[in-house]
Amino acid sequence: MADKSGVTIARTALADPTAEKLELLLKGQRKVLEQLLFRTTELELVITGGEHRFIGRALDEIEEAETELALFELSRAIIAEALIPPGREATASTLLEVCADRPTLVALIGDLRRLVNAIEHSRERARDAATERARHAGAASARLETAGFGPYA
């Protein structure tokens with residue numbers, strides 16, 4: 001999934017960090033987060049639907065999206081630090097400080113936060129569904145081990 005557009009956006013932004021390029025980078029990151037939300041929701045549905053043969057593929061696609069997201073995260077951190085006014089030190093809120101006077105960037109950061117929260121909720125639901133499926137499988141396995149088969153048990 002790590003396509004050339006994500007790499008190109010990051011490379012361009014890193015070569016000459018500007019607020020406009022940070023905006024493009026954040027838009028690219030939002031696109032990757034939307035893809036990751038889709039993939040985690042897909043995993044949840046695959047598990048809930050009992051389509052276990054697709055779990056590995058769904059997890060591979062999630063991992064690809066996470067790898068691309070890492071590129072955007074690293075690039076964003078580097079650019080935000082490059083845009084810090086001289087004499088200021090980088091902090092955990094550097095990105096917010098850089099974006100404070102740019103409403104478009106503040107809105108994009110809000111979008112990213114909402115997407116991350118939705119992804120976490122989807123992961124929790126997928127994990128709960130997998131746990132429930134495993135519990136049912138364990139109960140069925142225990143019943144098969146103890147039930148016996150008529151006079152042949």
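Quick note: numbers below take in every heavy atom, side chains included, and nothing from hydrogens, waters or symmetry partners.
Cluster membership check: L74 shares its hydrophobic cluster with L33, using side-chain heavy-atom separations under 4.5 Å among Ile, Leu, Val, Met, Phe, Trp and Tyr. The hydrophobic cluster containing V106 does not contain L112, counting ILVMFWY residues as joined when their side-chain heavy atoms lie under 4.5 angstrom apart, directly or transitively. Hydrophobic clustering (side-chain heavy atoms under 4.5 Å, transitive across Ile, Leu, Val, Met, Phe, Trp, Tyr) keeps L45 apart from F54. Residues V116 and L22 are members of one and the same hydrophobic cluster, defined by side-chain heavy-atom contacts under 4.5 angstrom among Ile, Leu, Val, Met, Phe, Trp and Tyr.
The line from CZ of F38 to CD1 of I119 is 13.0 Å long, rounded to the nearest 0.5 Å. Taking OG from S75 and CG from L24, the interatomic distance works out to 12.5 Å, rounded to the nearest 0.5 Å. Interatomic distance, CD of Q29 versus CD of E68, reported as 10.5 Å (0.5 Å rounding). I62 contributes atom CD1, which lies 12.5 Å from atom CG of L69 (distance to the nearest 0.5 angstrom). To the nearest 0.5 Å, atoms CD (E20) and OG1 (T104) are separated by 10.0 Å. To the nearest 0.5 Å, atoms OG1 (T48) and CD (E132) are separated by 10.0 Å.
Minimum interatomic distance between I79 and P17 (heavy atoms only, all atoms of both residues): CG2-CB, 4.0 Å. Closest approach of G50 to R133, counting heavy atoms only: N-NH2, 3.6 Å. Summarising the geometry of L43 relative to A58, their closest heavy-atom pair is CD1-CB, 3.9 Å, with the distance given to 0.1 Å. Across all non-hydrogen atoms, the minimal contact from F72 to V32 is CE1-CG2, 3.6 Å.
Between E42 and E61, the closest side-chain pair of non-hydrogen atoms falls below 4.5 Å. Residues R113 and I109 meet the side-chain proximity criterion, which asks for heavy atoms closer than 4.5 Å. In this structure, the side chains of R39 and E34 stay at 4.5 Å or more apart for every pair of heavy atoms.
Salt bridge E66/R123: present, at least one basic N to carboxylate O contact under 4.0 Å. The residues E23 and K21 are annotated as not salt-bridged, no charged nitrogen and carboxylate oxygen being separated by less than 4.0 angstrom. At a threshold of 4.0 Å, the pair R76-E73 counts as salt-bridged, since one of the basic side-chain nitrogens sits closer than that to a carboxylate oxygen. Ionic pairing of R114 and D111 is present here: one or more N-O contacts between side-chain nitrogen and carboxylate oxygen are shorter than 4.0 angstrom.
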* Test K27 against K31 for side chain to side chain contact (heavy atoms under 4.5 Å, CB included), laying out the working first. => CA-CA 6 Å; K27 286 179 179 178; K31 188 176 179 181; over 6 Å; no
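Heavy-atom contacts from other residues, nucleotides or ligands closer than 6.0 Å to NE2 of H52 number more than 12.
S122 places a side-chain N or O within 3.5 Å of a backbone atom of T40 that can act as its donor or acceptor partner.
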